[in-house]
Amino acid sequence: MAESHEIPIFALQLRALFIMAQQQEVIDNVIIKFAGDSGDGMQLTGTQFTNTAAMLGNDLSTFPDFPAEIRAPQGTLAGVSGFQLHFGSVEIFTPGDFCDVLVAMNAAALKANLRNIRKGGTIIVNIDGFDAKNLRLAGYGDVNPLENGSVDNFNVVKMDVTKMTRAALDGSGLGVKEIDRAKNMFVLGYLYWMYNRSMDHTIKFIQEKFDKKPDIRDANLKVLSAGYNFGETREEATSRFSIGPAKIAPGTYRNMMGNQAVAIGLIAAAQKAGLQLFYGTYPITPASDILHELSRHKNFNVKTFQAEDEIAGICSAIGAAFGGALAVTGSSGPGIALKTEAMGLALMLELPLVIVNVQRGGPSTGLPTKTEQSDLLQAVYGRNGESPIPVIAAATPSDCFYMAYEACRLAIDFMTPVMLLTDGYIANGAEPWMFPKAADLPEIKVNFAKYVEGEKFLPYKRNEKLSRPWAIPGTKGLEHRIGGIEKQHETGNISYEAANHEFMVAMREDKVEKIADYIPEIKPEVGTDKGKLLVLGWGSTYGAIKSAVLQAREKGIDVTFAHIRYIRPFPKNLGEFLKNYDQVLIPEMNRGQLIKMIRDKYLIPAIALNKVQGLPFSAEEILSRIESLSK
């Protein structure tokens with residue numbers, strides 16, 4: 001009699017119960033935080049999950065959180081690297097306030113992020129990272145937070161990621177260190193299972209990245225699948241979640257980080273203007289990725305120059321502008337301080353130059369990898385003498401594209417240096433960005449000066465925008481003097497005449513103020529033209545303010561949100577606009593810099609909401625202040 005291969009009925013019943021225990025839930029959004037040592041690959045893991053979410057049509061917002069040290073001691077709080085992702089089928093404005101899911105690769109990652117997990121949320125822990133050594137390094141001593149009640153209010157998923165990664169690669173021929181580097185793929189595979197995500201995008205990424213290292217390629221693919229299969233076969237009751245695509249405008253999208261968006265915006269402006277793009281800079285966190293991105297696009301007539309210091313970087317850009325290129329330099333607060341004298345030179349020469357300031361925590365070296373908005377007054381006033389420079393600020397990662405483009409337009413139209421402010425939050429954060437059509441981008445018209453027979457060339461003669469002509473050196477008949485010494489009106493000759501100096505100082509300022517005639521007026525982003533409370537933002541506070549105001553309006557609070565992108569000069573109607581509201585609240589990641597400018601110019605008793613922690617505002621913080629003001 002042949003042996004029976006039928007599965008016993010009780011085994012089928014157990015399997016059915018197990019499948020039923022794996023609950024399927026449809027949700028509209030979720031916030032996940034990946035955290036571990038800087039060598040655990042959390043940035044890569046978060047980026048891969050983000051790219052997959054973008055491919056599936058989710059709206060999203062990210063917040064990478066890097067340690068300041070290049071290689072902090074392993075297992076310590078100082079070495080924790082995090083990546084927060086908020087994605088969903090609804091409109092997303094921020095990376096989120098509190099995590100629904102925390103992936104903690106060791107004890108330090110849990111300790112650094114425990115206060116930011118929503119009550120009842122899920123904590124996925126690698127128990128290998130909670131041994132005696134890791135507990136001591138994290139400051140827990142002999143107490144294990146997984147066993148002392150610290151996580152009783154959360155759904156804790158314990159897995160020995162290290163052990164299971166090594167088991168999956170047993171016999172691979174790789175060393176222990178090489179095997180352990182793949183453990184982030186195990187976690188990623190499990191999260192793909194948990195949220196019903198396809199692994200195809202990551203599989204393709206691994207195949208391309210390690211094409212010439214087949215053993216590493218195969219190892220990562222095997223561990224990725226092992227993590228996914230762990231979810232399939234895990235015996236404890238586990239929920240799986242599905243999140244549909246977001247309802248967004250039709251078009252072609254890509255996931256875009258702020259620094260990438262700045263680079264692409266600069267390229268688009270150069271192409272639109274028909275100019276070569278020159279980027280002269282010195283590496284500094286968090287602005288260096290602009291240089292990295294631009295260096296990949298030489299095919300668009302882009303030249304990048306990594307100078308020996310900040311001063312050489314901006315001076316090379318000034319030389320490129322004199323030669324007829326679209327010239328750009330970039331840095332962060334400490335580097336901007338070093339560039340200030342050269343900014344004054346560019347202002348005196350009246351040459352188009354874009355200066356990108358990706359703000360970070362200060363002063364001095366400060367918090368190199370943390371965000372802040374504390375360079376606003378430096379941007380507006382931080383040069384010797386009367387040195388007016390237009391200042392604009394991007395609101396979101398994708399907005400960095402449009403404001404970089406706008407900075408170039410203003411610089412060329414008004415023959416002036418322009419400063420673009422972003423910050424570490426939006427520079428490293430990401431969101432979906434819809435490719436614009438080139439025809440829809442504003443015109444950038446370049447009119448180089450031409451020699452007219454019989455006419456004397458006047459290099460500082462003004463047009464209706466008070467801009468001087470852009471004369472390319474070496475052009476016959478357009479020879480002229482340049483330099484940092486005060487110039488005579490129209491001729492550009494050196495002048496020490498008192499009345500002429502006062503006239504030229506006023507002329508340069510009038511030119512900057514005239515920009516207000518060529519920029520949009522301010523209007524509400526959310527709310528009405530008049531009301532009880534206006535929340536006025538600038539820069540990267542955009543998402544948190546918008547989210548908070550929408551929540552407040554759902555509660556019946558009369559509140560409006562408006563956002564300033566043009567800071568010098570302000571929009572023409574800003575003064576009258578502010579007077580339409582009984583109260584004006586200004587949240588800033590500084591000690592109150594925009595509010596000083598608003599109070600000074602418009603004499604309104606604006607209310608400050610300040611945060612200087614190296615962290616962006618949460619929507620909850622702003623909502624709480626809105627509610628207190630509405631009582």
Side-chain angles (χ1 to χ4, degrees), residues 273-276 278 314-329 339-355 380-381 383-391 407-419 444-519 568-569:
L275 299 175
Q276 180 184 78
F278 178 88
I314 187 171
C315 288
S316 68
I318 293 172
F322 181 56
L326 174 54
V328 185
T329 189
K339 293 179 187 289
T340 52
E341 183 181 1
M343 288 185 215
L345 174 61
L347 182 149
M348 286 291 279
L349 301 179
E350 297 190 51
L351 287 171
L353 173 69
V354 174
I355 305 124
V380 176
Y381 302 116
R383 291 162 296 280
N384 65 295
E386 297 288 342
S387 303
I389 286 181
V391 178
C408 296
R409 184 186 73 85
L410 294 176
I412 292 172
D413 279 1
F414 291 88
M415 290 294 288
T416 179
V418 175
M419 186 173 290
I444 300 179
K445 194 171 183 179
V446 178
N447 289 317
F448 290 122
K450 296 179 181 179
Y451 174 63
V452 178
E453 190 73 35
E455 287 188 11
K456 183 181 179 181
F457 177 59
L458 296 173
Y460 284 85
K461 188 175 181 179
R462 312 284 169 169
N463 63 14
E464 72 281 1
K465 295 179 180 178
L466 303 182
S467 301
R468 79 173 188 91
W470 194 358
I472 303 301
T475 306
K476 181 181 178 181
L478 302 186
E479 299 85 355
H480 62 286
R481 184 191 303 272
I482 63 167
I485 299 177
E486 185 60 277
K487 291 151 182 56
Q488 186 181 60
H489 177 47
E490 292 194 344
T491 69
N493 294 330
I494 292 174
S495 174
Y496 294 101
E497 186 184 347
N500 178 78
H501 173 58
E502 187 167 38
F503 175 84
M504 292 297 285
V505 166
M507 178 71 75
R508 288 187 289 263
E509 183 169 10
D510 289 347
K511 179 175 71 170
V512 172
E513 293 303 318
K514 197 167 186 62
I515 290 174
D517 294 334
Y518 297 87
I519 60 176
R568 184 162 195 182

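- A donor-acceptor pair is defined here as one N or O able to donate and one able to accept, closer than 3.5 Å; no such pair exists between the side chain of K476 and the backbone of Y451.
- A side-chain contact (heavy atoms from CB on, under 4.5 Å) with V391 is found for one member of V380, I355, V418 and no other, namely V380.
- For the atom pair OG1 of T491 and CG of N500, the computed distance is 8.0 Å after rounding to the nearest 0.5 Å.
- Closest approach of P417 to M343, counting heavy atoms only: CG-O, 4.2 Å.
- Atom CD1 in I314 sits 8.5 Å away from atom CG in L345 (nearest 0.5 Å).
- In plain terms, the two heavy atoms of A449 and L478 that are nearest each other are O-CD1, 3.3 Å.
- If you take CG on L349 and OG1 on T416, they are separated by 11.0 Å, rounding to the nearest 0.5 Å.
- P569 and A516 make their closest contact through CG-N, 3.6 Å (heavy atoms, listed as atom of the first residue, atom of the second, distance).
- Rounded to the nearest 0.5 Å, atoms CE (M504) and CE (M348) are 7.5 Å apart.
- One finds the CZ atom of R462 at 5.5 Å from the CE atom of M507 (value rounded to the nearest 0.5 Å).
- For the ring pair (Phe, Tyr, Trp, His ring centres under 6.0 Å) criterion with W470, the lone passing option out of F322, F448, F414 is F448.
- Put simply, the side chain of Y460 never gets that close to the backbone of S467: no donor and acceptor are under 3.5 Å apart.
- Remark: the backbone N or O of P459 is paired with a side-chain donor or acceptor of R468 at under 3.5 angstrom.
- Annotation for V354 and A411: closest pair CG2-CB, 4.2 Å, computed over non-hydrogen atoms.
- The pair E486-R508 meets the salt-bridge criterion, with a side-chain N (NZ, NE, NH1 or NH2) lying under 4.0 Å from an Asp/Glu carboxylate O.
- With a 4.5 Å cut-off on side-chain heavy atoms, R568 and I389 do not count as touching.
- Within 6.0 Å of the NZ atom in K461, the count of heavy atoms belonging to other residues, nucleotides or ligands does not exceed 12.
- Among all heavy-atom pairs drawn from T340 and R383, the shortest one is O-CG, 3.9 Å.
- When each of I412, D413, L326 is checked for a side-chain contact (heavy atoms from CB on, under 4.5 Å) with V446, only I412 meets the rule.
- Between K450 and E455 there is no salt bridge, since no side-chain nitrogen of the basic residue lies less than 4.0 Å from a carboxylate oxygen of the acidic one.
- Residue E490 places its CD atom among more than 12 non-hydrogen atoms of other residues, nucleotides or ligands, all under 6.0 Å distant.
- Applying the 6.0 Å contact sphere to CD of E479 captures more than 12 heavy atoms from other residues, nucleotides or ligands.
- Counting non-hydrogen atoms of neighbouring residues, nucleotides and ligands closer than 6.0 angstrom, the CG atom of N384 reaches no more than 12 such neighbours.
- Using a 4.0 Å cut-off between charged nitrogen and carboxylate oxygen, K487 and E350 do not count as a salt-bridge pair.
- Panel note: side chain K511, backbone M415; a donor-acceptor pair is recorded below 3.5 Å.
- Between T329 and K339, the side chains place a donor N or O and an acceptor N or O closer than 3.5 Å (distance only, hydrogens not considered).
- In plain terms, the two heavy atoms of A471 and F457 that are nearest each other are CB-CZ, 3.6 Å.
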